[in-house]
Enquirer: 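Just passing along the structure, written as structure tokens.
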Amino acid sequence: MTSRHVPSPSRRTVVRAAAATAAAVPVLAASAAASASASSEAAAPAPAFLHGVASGDPLPDGVLLWTRVTPEPGAEPGSGRGADTPVRWEVAEDREFTAIAASGTTYASAASDHTVKADVRGLRPATSYYFRFTASGESGGGGGGGGGGETTGVRSPTGRTRTAPATGATVAGIRFGVVSCANWEAGWFSAYRHLAARADLDAVLHLGDYLYEYATGGYPTQGAALREHRPAHEILNLADYRLRHGTYKTDSDLQALHAAHPVIAIWDDHEFANDAWSGGAQNHTEGAEGVWERRVAAAKQAYFEWMPVRASTEGTVYRRLRFGKLADLHLLDLRSFRSEQASIGSGSVDDPERTITGRAQLDWLKAGLAGSDAVWKLVGTSVMISPVAFGALPAHLLKPLAGLLGLPREGLAVNVDQWDGYTDDRRELIAHLRERGIGDTVFLTGDIHMAWANEVPVRAATYPLSPPAATEFVVTSVTSDNLDDILKVAPQTVSLVAAAAVRTANRHVKWVDMDSHGYGVLDVTAERSQMDYYVLSDRTAKDATSSWARSYRTRRGTQRVERADRPVR
């Protein structure tokens, strides 16, 4: 068991650590609404679709559809107001809905915050479909594969989705948008708009921090929020989490993303509270914020109500999706089962009794990786698995120093919220990859508000003399603070010194960008997996442009990262 919690560094602390290092070394973009004001909710007709439509978790024969009905004026998320409302959903092969592939009826009720989910099956693999919802009244039949009957009532915006390839299919390629860390108060969600405009994506992978739990001004960027959270206080109960989810889903760019592509999402900590673990969080105290278990239950209920995500059998988000013979995507939950974060310098990061995954999830991941016959094993992990030492000393010098001082054996772990704080789980997983001969494993990561391209070493202290076991691509934040935001300096100035120091101390890190906001596009073929990194011109500009920054790839059979000279598109 670990000792009582000693506050450990959050991702904000990690960015500040990078700053200290630097100082020390001189389709479909349609939406039903575009703002989150209470007055617009109250003035809306009833029923109405104010939060857009979404799809997620594509399967070869189906996809999960989502929407939320506002049943009457003022029935905002979390209010409990409004009667049960019949909602008809339709899936069609064409945008005009002349060829209905599937349809059905369900209800939007206060018990689920008037959100609606339809887990549609019976569709064709690797096929694009269009979907919509109609609330309050219907007539006629309209199921199966025919044209169907006429549906009356208020109609939602139309969404586009796509099913996964058949399980045993030989697939030429798949392409995902990749995002994480979108703080409402820090900027506009332009990254989502640019991904929504791409017609070449099979899905968008959201790696966590879809929303933030802080009170208005609780995670400031430039002294004041660009736009204020609702509710204005820190979210603690079910009504709070529902309203915060609902507020985010009034963003027009987020609505456009969900309307254009299926989203595959996992959570990180801010869907609950900062640096969450199985029994608490860095910024949660029972005296001020209540019983942790109640808060977590409320957060998870709201998440599954408001996100197009299938819950696993354990009521969590770790699950597996397959994309033909080309790729298995293993999605992790690194908050529900983890031990409390260690304090820096305690040496307990190496304690085999401490875990980031929990025993059942780690066994599930190991079995899935060993049993996979897919070319690529993709692992969605909310926090970075590659070890990182921030400092001027090379990584190979930190190992003996760590032994002398009783610090982590693999180097000085600055961010104990990452896998660096749980080295026994990481060691077991990497040993499993090596011992079972499991190659072509790519970790896809968010959380740290920086972009990275890493080789995951077997032993960081002796790298590159020891081989890598996998590769890792980390995407930066959509809006959340990174180095230049905190220092209030121009991008690509101070950070260049910090990045050089990090790469010197961590030779498995091939590239790091500490300043940019944006997204990634992962393109996977039988020969290679490539991440294209795109950056925004200005997170505070609603019309921010997007430009390609860099690309890195790993070739099949190498477990190595190399720079590519152009994006895939």
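Side chains are part of it too, since the values below use all heavy atoms of this structure and drop only hydrogens, waters and symmetry mates. Remember, predicted model here, so these are calculated numbers, not experimental data.
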Enquirer: Report yes or no: does His270 contribute a side-chain atom to a donor-acceptor pair with the main-chain N or O of Leu211 at less than 3.5 Å?
Expert: no

Enquirer: Give a yes or no on whether a salt bridge exists between Arg132 and Glu90, defined as a side-chain N under 4.0 angstrom from a carboxylate O.
Expert: yes

Enquirer: Take Arg528 and Glu562 through the salt bridge (charged side-chain N to carboxylate O under 4.0 Å, His left out) test and state the conclusion after the steps.
Expert: CA-CA 11 Å; Arg528 56 100 184 105; Glu562 63 183 23; over 6 Å; no

Enquirer: Does the gap between the ring centers of Trp267 and Phe304 come in under 6.0 Å?
Expert: yes

Enquirer: Can you tell whether the side chains of Asp417 and Arg338 come within less than 4.0 Å, N to carboxylate O?
Expert: yes

Enquirer: Does Arg322 pair with Asp373 as a salt bridge, N-O distance under 4.0 Å?
Expert: yes

Enquirer: State whether Asp424 and Arg427 are salt-bridged, where the test is any N-O pair (Lys NZ or Arg NE/NH1/NH2 against Asp/Glu carboxylate O) under 4.0 Å.
Expert: yes

Enquirer: Establish, yes or no, whether a centroid distance under 6.0 Å links the rings of Trp184 and Tyr248.
Expert: yes

Enquirer: Run the numbers on Ser382 and Asp447 for side-chain hydrogen bond (donor to acceptor under 3.5 Å, both in side chains), then give the verdict.
Expert: CA-CA 6 Å; Ser382 59; Asp447 173 69; over 6 Å; no

Enquirer: Please check if any side-chain donor atom of Arg426 sits under 3.5 Å from a side-chain acceptor atom of Thr423, or the reverse.
Expert: no

Enquirer: Using the rule side-chain hydrogen bond (donor to acceptor under 3.5 Å, both in side chains), only one of Arg175, Gln530, Arg569, Arg553 pairs with Asp523; which is it?
Expert: Arg175

Enquirer: Give me the one residue out of Val388, Thr445, Val456, Asp425 that meets side chain to side chain contact (heavy atoms under 4.5 Å, CB included) with Trp419.
Expert: Asp425

Enquirer: In sequence, state the C-alpha distance, the side-chain angles, and the governing distance for Asn183 and Thr479, and then conclude on side-chain hydrogen bond (donor to acceptor under 3.5 Å, both in side chains).
Expert: CA-CA 6 Å; Asn183 182 3; Thr479 62; 5.5 Å; no

Enquirer: Quick one, Asp202 with Arg162, criterion salt bridge (charged side-chain N to carboxylate O under 4.0 Å, His left out). Give me CA distance, side-chain angles, the key distance, then yes/no.
Expert: CA-CA 7 Å; Asp202 292 282; Arg162 184 169 178 80; 3.3 Å; yes

Enquirer: Does CZ belonging to Arg121 count more than 12 external heavy atoms closer than 6.0 Å?
Expert: yes

Enquirer: Evaluate Arg193 against Leu254 for side chain to side chain contact (heavy atoms under 4.5 Å, CB included), listing each step before the verdict.
Expert: CA-CA 7 Å; Arg193 170 167 47 87; Leu254 180 54; over 6 Å; no

Enquirer: Ignoring hydrogens and angles, tell me if any N or O in the side chain of Ser55 forms a donor-acceptor pair with the backbone of Leu64 under 3.5 Å.
Expert: no

Enquirer: Is a donor on one side and an acceptor on the other found under 3.5 Å between the side chain of Thr67 and the backbone of Val53?
Expert: no

Enquirer: Does a salt bridge link Arg242 with Glu305, judged by any charged N lying under 4.0 Å from a carboxylate O?
Expert: yes

Enquirer: Is the distance between the ring centroids of Trp306 and His51 under 6.0 Å?
Expert: yes

Enquirer: Quick check: does any side chain N or O of His330 sit under 3.5 Å from a backbone N or O of Leu321, one acting as donor and the other as acceptor?
Expert: no

Enquirer: Which residue, Asp209, Leu334, Thr381, forms the side chain to side chain contact (heavy atoms under 4.5 Å, CB included) with Asp268?
Expert: Asp209

Enquirer: Looking only at non-hydrogen atoms, find the nearest pair between Pro387 and Asp420 and report the distance.
Expert: CA-OD1, 3.2 Å

Enquirer: What are the two closest heavy atoms between Thr554 and Phe473, and how far apart are they?
Expert: N-CZ, 4.2 Å

Enquirer: Determine whether Arg124 and Asp61 satisfy the following criterion, salt bridge (charged side-chain N to carboxylate O under 4.0 Å, His left out), listing intermediate values before the conclusion.
Expert: CA-CA 5 Å; Arg124 297 197 309 273; Asp61 67 339; over 6 Å; no

Enquirer: Whether the side chain of Ser466 engages the backbone of Arg459 through a donor-acceptor N/O pair (distance < 3.5 Å, no angle test) should be reported.
Expert: yes

Enquirer: Working to the nearest 0.5 Å, report the span between CD1 of Ile438 and CD1 of Ile430.
Expert: 12.5 Å

Enquirer: Using a cut-off of 6.0 Å, state whether more than 12 heavy atoms not belonging to Lys325 lie near its atom NZ.
Expert: no

Enquirer: Could you verify whether a donor N or O on one side chain and an acceptor N or O on the other, from His261 and Tyr192, lie under 3.5 Å apart?
Expert: no

Enquirer: Do Asp513 and Thr476 make a side-chain contact, defined as non-hydrogen atoms from C-beta onward lying under 4.5 Å apart?
Expert: no

Enquirer: With no hydrogens and no angle check, is any side-chain donor or acceptor of Thr250 less than 3.5 Å from a backbone partner on Thr247?
Expert: yes

Enquirer: When you measure from the centre of the six-membered ring of Tyr130, is the NZ or CZ of Arg160 closer than 6.0 Å and no more than 45° off the axis?
Expert: no

Enquirer: Tell me whether Arg359 at atom CZ has more than 12 heavy atoms from other residues, nucleotides or ligands lying less than 6.0 Å away.
Expert: yes

Enquirer: Any idea which heavy atoms bring Val561 and Ala453 closest together, and the distance?
Expert: CG1-CB, 4.0 Å

Enquirer: Between Asp57 and Arg319, does at least one N-O distance fall below 4.0 Å, as a salt bridge requires?
Expert: yes

Enquirer: Please round to the nearest 0.5 Å and tell me the distance separating atom CG of Leu195 and atom OH of Tyr519.
Expert: 5.5 Å

Enquirer: Answer yes when Asp440 and Arg555 have at least one side-chain N-carboxylate O distance shorter than 4.0 Å, and no when they do not.
Expert: no

Enquirer: Would a line drawn from the ring center of Tyr219 to the ring center of Tyr212 be shorter than 6.0 Å?
Expert: yes

Enquirer: Can Glu472 and Ser386 be counted as having a side-chain donor-acceptor contact under 3.5 angstrom?
Expert: yes

Enquirer: Taking the six-membered ring for Trp, are Tyr533 and Trp511 closer than 6.0 Å centroid to centroid?
Expert: yes

Enquirer: Given Tyr241, which partner from the list Lys300, Glu271, Arg295 fulfils the side-chain hydrogen bond (donor to acceptor under 3.5 Å, both in side chains) test?
Expert: Arg295

Enquirer: Just by distance, do the side chain of Arg244 and the backbone of Tyr214 share a donor-acceptor pair under 3.5 Å?
Expert: yes

Enquirer: Distance check, rounded to the nearest 0.5 Å: Ile100 atom CD1 versus Tyr129 atom OH?
Expert: 12.0 Å

Enquirer: Sub-3.5 Å donor-acceptor pair from the side chain of Gln361 to the main-chain atoms of Thr357, do we have one?
Expert: yes

Enquirer: For the rings on Trp364 and Tyr318, is their centre-to-centre separation under 6.0 Å?
Expert: yes

Enquirer: On the six-membered ring of Trp89, is Lys117 placed so that its NZ or CZ lies under 6.0 angstrom from the centre and within 45° of the ring axis?
Expert: no

Enquirer: Could you grab the distance from atom OG1 of Thr471 to atom CD of Gln559, nearest 0.5 Å is fine?
Expert: 7.0 Å

Enquirer: To the nearest 0.5 Å, what is the distance between CH2 (Trp66) and CG (Asp119)?
Expert: 16.0 Å

Enquirer: For Phe131 and Phe133, take the angle between the two ring planes, folded into 0 to 90°, and tell me which bin it lands in: parallel under 30, tilted 30 to 60, perpendicular over 60.
Expert: perpendicular

Enquirer: Within the distance-only criterion (no hydrogens, no angle test), does the side chain of Asp351 pair as donor or acceptor with the backbone N or O of Glu353 below 3.5 angstrom?
Expert: yes

Enquirer: Let's go through Tyr210 and Ser180 carefully: what are the C-alpha distance in whole Å and the side-chain angles of both, what is the deciding distance for side-chain hydrogen bond (donor to acceptor under 3.5 Å, both in side chains) to 0.1 Å, and is it a yes or a no?
Expert: CA-CA 7 Å; Tyr210 182 93; Ser180 75; over 6 Å; no

Enquirer: OH/Tyr422 to CG/Asp350 distance, rounded to the nearest 0.5 angstrom?
Expert: 13.0 Å

Enquirer: Are any non-hydrogen side-chain atoms of Val474 and Met450 less than 4.5 angstrom apart?
Expert: no

